[in-house]
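Positions are given from 1, in the same order as the sequence printed here. Given the structure is predicted, the values throughout are model-derived calculations rather than measurements.
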Amino acid sequence: RQSFAYVVGLLPGDLRAGPWELTAGRSGVQRGEAVIPAVLGRLAGIKIGEAITIADRRLEVVGMSSGTYSAANTVVFTTMADLEDILSLTGAYSFLLVDADDGASPALLASRIRSEIEKVNAVTQEEFIRNDFGMAMQMGVEIIFLMTVICAALAALIVGFTASTLVMRGRKELAVAKALGVSNGAILAAVVFQASAITLLGGAIA
């Protein structure tokens, strides 16, 4: 099984980064080790102590993380040294976490970093989250909207077909009810109620 993933390289002994919640194993990775999402482990049949391959490097799974899996943004943690070997890059970083002293303003610190260090951008945690959310919305919102419209139209057709089938099957009962003096409005209301009940039940099951 192959899967896209963000691979995060962790520095030895630095407990500030890494998986924020574990379901099994440990979060402290050594050379040749990795922590993968528990959902990915369940889907691919991977257990603690077994191996995964990132590019051409095999890594032993020592932990299962929670809240780190999605169809597009699976997050895998390994050591920085392993990540450098995988990418054939040394001293190259995509993101760095920066600690601020107690009482320091993150916004002012980010501004100072941008002004004093060339070719580096710095953002606060809130900006980082907002940027990632905006990018995810741009990438997926149109597809999700189109899928929602198609599924809604399909659901309406299914409900209409089911209601029509029930009416056709109950023609004799409806004829008897009409012969007993039930008005057309009451029969229509019964059919609408039946269709509404089907819709609500289908929504609840879905």
Side-chain angles (χ1 to χ4, degrees), residues 1-8 18-25 27 34-55 61 63-77 95 123-206:
R1 179 187 181 93
Q2 293 184 335
S3 177
F4 290 104
Y6 285 119
V7 182
V8 179
W20 45 92
E21 184 177 353
L22 289 178
T23 60
S27 59
V35 175
I36 67 172
V39 175
L40 178 62
R42 185 169 65 252
L43 293 175
I46 301 171
K47 299 178 180 179
I48 298 292
E50 296 182 342
I52 62 171
T53 301
I54 301 178
V61 176
M64 299 282 186
S65 59
S66 177
T68 53
Y69 177 86
S70 76
N73 299 324
T74 297
V75 182
V76 174
F77 299 92
F95 298 96
V123 295
T124 63
Q125 180 181 3
E126 291 75 15
E127 289 176 307
F128 186 86
I129 293 173
R130 188 166 57 250
N131 292 344
D132 263 24
F133 181 78
M135 182 173 65
M137 291 297 291
Q138 289 176 359
M139 293 171 58
V141 69
E142 293 181 357
I143 296 175
I144 293 173
F145 176 75
L146 181 59
M147 291 175 61
T148 301
V149 172
I150 294 173
C151 290
L154 181 60
L157 288 174
I158 292 174
V159 170
F161 176 76
T162 304
S164 175
T165 301
L166 290 174
V167 170
M168 294 299 292
R169 287 181 177 179
R171 282 182 299 178
K172 292 181 180 180
E173 290 81 0
L174 293 175
V176 171
K178 190 169 179 60
L180 293 174
V182 178
S183 65
N184 289 338
I187 294 176
L188 178 61
V191 172
V192 171
F193 174 79
Q194 202 171 41
S196 301
I198 293 171
T199 303
L200 292 175
L201 180 62
I205 294 174

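- Looking at Thr68 and Trp20, their side chains come closer than 4.5 Å, going by heavy atoms from C-beta outward.
- Under the side-chain contact (heavy atoms from CB on, under 4.5 Å) criterion, Ala163 pairs with Ala195, sequence neighbours left out.
- In this view, Ala44 and Arg1, Ile46 satisfy the side-chain contact (heavy atoms from CB on, under 4.5 Å) rule, not counting sequence neighbours.
- Within the structure, side chain to side chain donor-acceptor pair (under 3.5 Å) contacts touching residues 182-205 (residues at least two apart or in different chains) are Lys178-Asn184.
- Under the 4.5 Å side-chain criterion, counting only non-hydrogen atoms from C-beta, Glu126 is not in contact with Ile129.
- Residues satisfying the ring-ring contact (aromatic ring centres under 6.0 Å, His included) test with Phe128, not counting sequence neighbours, are Phe95.
- Within the model, atoms CG of Leu154 and CG of Leu157 stand 6.5 Å from one another, a figure rounded to the nearest 0.5 Å.
- Scanning all heavy atoms of the two residues, the minimum distance from Tyr69 to Pro37 falls at CB-CB, 3.7 Å.
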Which atom pairs, donor and acceptor, lie under 3.5 Å between side-chain atoms of residues 170-177 and protein residues at least two apart or in another chain?
unit_1: Arg171; atom_1: NE; unit_2: Met168; atom_2: O; d: 3.1

Dump the intermediate steps for side chain to side chain contact (heavy atoms under 4.5 Å, CB included) on Ile52 and Leu40, then the final yes or no. CA-CA 11 Å; Ile52 62 171; Leu40 178 62; over 6 Å; no
Side chain to side chain contact (heavy atoms under 4.5 Å, CB included) evaluation trace for Leu22 with Val35: CA-CA 9 Å; Leu22 289 178; Val35 175; 4.1 Å; yes
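- The ring-ring contact (aromatic ring centres under 6.0 Å, His included) check on Phe193 picks up nothing, with sequence neighbours excluded.
- Across all non-hydrogen atoms, the minimal contact from Ser66 to Thr23 is CB-CG2, 3.7 Å.
- Side-chain atoms of Ile36 and Met64, non-hydrogen and from C-beta on, do get closer than 4.5 Å to each other.
- No more than 12 heavy atoms of other residues, nucleotides or ligands shown are found within 6.0 angstrom of CD1 on Ile143.
- Remark: side-chain polar atoms of Thr148 are paired, donor with acceptor, to backbone N or O of Ile144 under 3.5 angstrom.
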